[in-house]
2 protein chains.
Amino acid sequence: MFSGRTLADRAFEWLEEAIIKGDYPPEAKLDEVALAKSFGISRGPVREAIRRLEGKKLVERVPHVGARVAALNPSDLADILSVREALEGMACRLATERMSDAEIKELENLLDQHADQGGLKSGANYYQNPGDYDFHFRIIQGSRNAKLIEMLCNDLYYLLRVYRYRSSSRKGRAKEAFQEHQDVVAAMKARDPDAAEAAMRTHLHHALLSIQNEQVPLPRPKRLQKA
Amino acid sequence: MFSGRTLADRAFEWLEEAIIKGDYPPEAKLDEVALAKSFGISRGPVREAIRRLEGKKLVERVPHVGARVAALNPSDLADILSVREALEGMACRLATERMSDAEIKELENLLDQHADQGGLKSGANYYQNPGDYDFHFRIIQGSRNAKLIEMLCNDLYYLLRVYRYRSSSRKGRAKEAFQEHQDVVAAMKARDPDAAEAAMRTHLHHALLSIQNEQVPLPRPKRLQKA
DNA sequence: GTCCAGAAAATTGTTGACATTTTACAAAAT
DNA sequence: ATTTTGTAAAATGTCAACAATTTTCTGGAC
């Protein structure tokens, strides 16, 4: 059923995926005996899986009471988005320095595809859809920074996903987002790390403002100066 | 002996501290029976503590073989320092927006103390000493961003500490670092988040270059433009 | 001396039983 | 009716024994 070799590892993978998928929403109780029974194993490996998730901060535990899927208060959202802005801005800088011409060209093609096959036409659908995800994902990978990749794609992924349903569906945001993507790629093509980082941060900061108050975001620092 | 209520929690705290202090260096084997015996408990809680550390990525585990303190290859160092630059730059930006005048004044006094009581005189001692640590710590706290504080003070702390002994002791770096600290505070006093973030990133980037090749770092982007 | 079984030892993985604590429920008092 | 209190039930914490795997050791063949 799963790849992990030990029962504890398999339980961990199963549980992590279930939490990320939303099968276990925030605050949901993780009942050891129920989980053990549903996995057909004993409580030992289940407890170890829960402990690992606790270390990852996906679940919170109260001694003698139990473990629950980590809760997220609204103020956490702003905190997380600032972290994402900082990390993904850095990732975009590094990607601009490290991605090959061919890779950047692929990125450009990706945007062209979105424009062609109704990405823009479908309006509000472009922003924060699989296409948007793929765009960000590729740039993060292009940073060649393992820690950055891990933090953005693994550690923050669950948190961003939990809040996704709140994300702005404001009219016109899709078009803006698409334009911002193009700005990012333009800076990368020009091999201008400062501009690329600034463009990515502007994009993400607009998303933050858009989510926070469903309003037109005010402009923010556009780029890092050369020297 | 320890605050945690359950044996597993106490074992976790003890082990985490031991790893951070360096009592268990990278690659060190974590023997379940030996640890259980030294704690006077059974293997169950010890395994749970190790699983939690695994989730925190402080230890690496190979099924049926065992757990070791996480190893750090040299390329990890550069990756981590880039992450720190991004996160602490953002922290400095937010601190500039959110710290009170009194708090910023305290920060300034802290630097004055360092200058007076031999911080500068002792030369190479100023850079990356407790004083340097306190300076960075206060700014991070000033960001009022719980995620940022957690990532910098908890998650990255061990990694940065492990590599500390490698850090540059180059002549003159101390004086430079002190000056860079003053640049940061100056920007914060002026309530210029762009300049503050840029100054902090310059400071950290110089440290990165200094560590990497023990050479005079070249200047990097100095500040974020206003609009 | 080196290499290759194969057994023995040591280590990790898993389980079921028991201990402890919390929670749920019901009866009694106000 | 509400609160309180005590008991029962359920959940978590811990342990010791057993199972499975890896590692080490030993003996022998070449």
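Computed from a predicted model, the values in this text were never measured in an experiment. What you see below is based on every heavy atom in this structure, not just the backbone, and it leaves out hydrogens, waters and symmetry mates. Just so we're on the same page: letters track the sequence lines, and every chain starts at 1.
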[X] bridged to [Y] by N-O distance under 4.0 Å:
| X | Y | answer |
| --- | --- | --- |
| A/Glu197 | B/Arg201 | yes |
| B/Glu48 | B/Arg10 | no |
| B/Arg5 | B/Glu13 | no |

Using whole Å, report how far [atom1] of [X] lies from [atom2] of [N].
| X | N | atom1 | atom2 | value |
| --- | --- | --- | --- | --- |
| B/Phe39 | D/dT14 | CZ | C1' | 15 Å |
| B/Leu30 | C/dT12 | CG | C1' | 13 Å |
| B/Glu32 | C/dT14 | CD | C1' | 12 Å |
| A/Phe12 | C/dG13 | CZ | C1' | 18 Å |

Margin query: I want to verify a distance call: between D/dT23, C/dT12, D/dT14, whose nearest atom is closest to the B/Leu7 side chain?
Written below: D/dT14

Item checked: Side chain of A/Thr6 (C-beta onward), nearest among D/dG13, D/dT12, C/dT14 -> C/dT14

Check: Toward the 5' end of DNA chain C, which comes first, B/Asp31 or A/Ala8, by nearest nucleotide?
Finding: B/Asp31

Note to self: If you take any heavy atom closer than 4.0 Å to DNA chain D, which residues from residues 45-55 of chain A end up in contact?
What the structure shows: A/Arg47

Donor-acceptor pairs are to be reported for all side-chain atoms of residues 70-78 of chain B against protein atoms at under 3.5 Å, with residues two or more places apart or in another chain.
residue: B/Asp76; atom: OD2; partner: B/Asn73; partner atom: N; Å: 3.3

Notebook entry, point to check: Which heavy atom of A/Leu156 sits nearest a heavy atom of B/Met151, and at what distance?
Noted result: CD2-CE, 4.2 Å

For nucleotides 16-20 of chain C, give me every protein contact, N/O to N/O, under 3.5 Å, one pair per line with atom names.
none

Expected list for residues 52-67 of chain B: side-chain donor-acceptor pairs under 3.5 angstrom, two or more places apart:
residue: B/Arg52; atom: NH1; partner: B/Asp9; partner atom: OD1; Å: 3.0
residue: B/Glu54; atom: OE1; partner: B/Arg51; partner atom: NH1; Å: 3.0
residue: B/Lys56; atom: NZ; partner: B/Glu16; partner atom: OE2; Å: 2.5

Note to self: Once side-chain contact (heavy atoms from CB on, under 4.5 Å) is applied, do any residues pair with A/Ala18, and if so which ones, sequence neighbours excluded?
What the structure shows: A/Trp14, A/Asp23, A/Tyr24

Next item on the list: Would you mind listing every side-chain hydrogen bond (donor to acceptor under 3.5 Å, both in side chains) that reaches into residues 25-36 of chain A, with sequence neighbours excluded?
Entry: A/Glu32-A/Arg43, A/Glu32-A/Arg47

Checklist line | B/Asn145 side chain vs A/Asp79 backbone, donor-acceptor pair below 3.5 Å | finding: yes

Next item on the list: Please determine if a side-chain N or O atom of A/Lys29 lies less than 4.0 Å away from the OP1 or OP2 oxygen of C/dT22.
Entry: no

